[in-house]
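Single-structure report; data block below.
Here the structure is a predicted model, which is why all the values come from computation and not from measurement.
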Amino acid sequence: MTFRPLHDRILVRRIEAEEKTAGGIIIPDTAKEKPQEGEVIAVGPGARDESGKLTPLDVKAGDRILFGKWSGTEIKLNGEDLLIMKESDVMGVIEQTAAVKKAA
């Protein structure tokens, strides 16, 4: 099944947080907060302005984004938990530089 969001909505997969802190402390599931970072899976065509002109979205499939803790609507698609949210719920795009990728 394929899913195509409408207008200025995006489909996001949450990226799970680390289970262990930098100091080595393991965080139990009951103490974890919902991740506020995700990967964009699909985007809609964009929003229409007052004149009816289509304005494309700033995010694209594959982008890593940060969003609010309570943003979006949770859905289950093909057995996977995903979020649908408006582009305005996105706080920013995480851009990884080549130097950071080489170090990892």
Side-chain angles (χ1 to χ4, degrees):
M1 176 190 317
T2 59
F3 181 83
R4 182 177 53 91
L6 297 177
H7 307 294
D8 64 339
R9 289 181 174 78
I10 60 175
L11 183 66
V12 177
R13 176 186 302 124
R14 287 186 193 268
I15 297 175
E16 294 298 324
E18 295 291 324
E19 294 185 10
K20 196 187 298 187
T21 65
I25 298 171
I26 297 175
I27 304 169
D29 288 339
T30 54
K32 285 184 189 174
E33 290 192 14
K34 289 183 179 179
Q36 293 176 275
E37 186 176 331
E39 178 185 2
V40 177
I41 305 299
V43 298
R48 294 206 181 267
D49 62 12
E50 294 163 3
S51 65
K53 182 181 172 192
L54 190 66
T55 306
L57 303 181
D58 288 332
V59 297
K60 61 186 180 308
D63 282 350
R64 286 180 71 133
I65 59 168
L66 289 177
F67 49 87
K69 187 181 287 190
W70 307 110
S71 297
T73 302
E74 295 182 354
I75 64 163
K76 190 171 275 250
L77 193 63
N78 295 336
E80 185 176 15
D81 291 325
L82 301 170
L83 287 170
I84 296 177
M85 65 181 69
K86 288 188 168 249
E87 185 189 33
S88 59
D89 291 337
V90 176
M91 291 189 270
V93 177
I94 301 170
E95 296 178 355
Q96 295 177 338
T97 62
V100 173
K101 287 182 181 178
K102 286 181 183 177

Checklist entry - If you measure from CG on Asp81 to NZ on Lys76, what distance do you get to the nearest 0.5 Å? => result 4.0 Å

Checklist entry - Yes or no on side-chain contact (heavy atoms from CB on, under 4.5 Å) for Phe67 and Leu83, after CA distance, side-chain angles and deciding distance? => result CA-CA 11 Å; Phe67 49 87; Leu83 287 170; 3.7 Å; yes

Checklist entry - Say you draw a straight line from CD1 of Ile65 to CD1 of Ile15; how long is it, rounded to the nearest 0.5 Å? => result 8.5 Å

Checklist outcome for this item: d(Leu54 CG, Arg48 CZ) to nearest 0.5 Å is 5.0 Å

Next on the checklist: What's the separation between atom CD1 in Ile84 and atom CD in Glu74, rounded to the nearest 0.5 Å?
Outcome noted: 11.5 Å

Checklist entry - Between CZ of Arg14 and CD of Glu39, what distance do you get to the nearest 0.5 Å? => result 14.0 Å

Checklist entry - Taking atom CG of Asp58 and atom CG of Asp8, what is their separation to the nearest 0.5 Å? => result 11.0 Å

Item to check | Where Leu57 and Gly44 come nearest, the two heavy atoms and their spacing | outcome: CD1-O, 3.6 Å

Checklist entry - Which other residues belong to the hydrophobic cluster containing Met91, where Ile, Leu, Val, Met, Phe, Trp and Tyr are joined when side-chain heavy atoms lie under 4.5 Å apart, directly or via other members? => result none

Checklist entry - Hey, does the side chain of Asn78 reach the backbone of Glu80 with a donor-acceptor pair shorter than 3.5 angstrom? => result no

Checklist outcome for this item: Heavy atoms of Met85 and Val12 approach each other most closely as CE-CG2, 4.2 Å

Next on the checklist: Quick test of your reading of the model: are Asp89 and Lys86 salt-bridged, counting only N-O distances below 4.0 Å?
Outcome noted: no

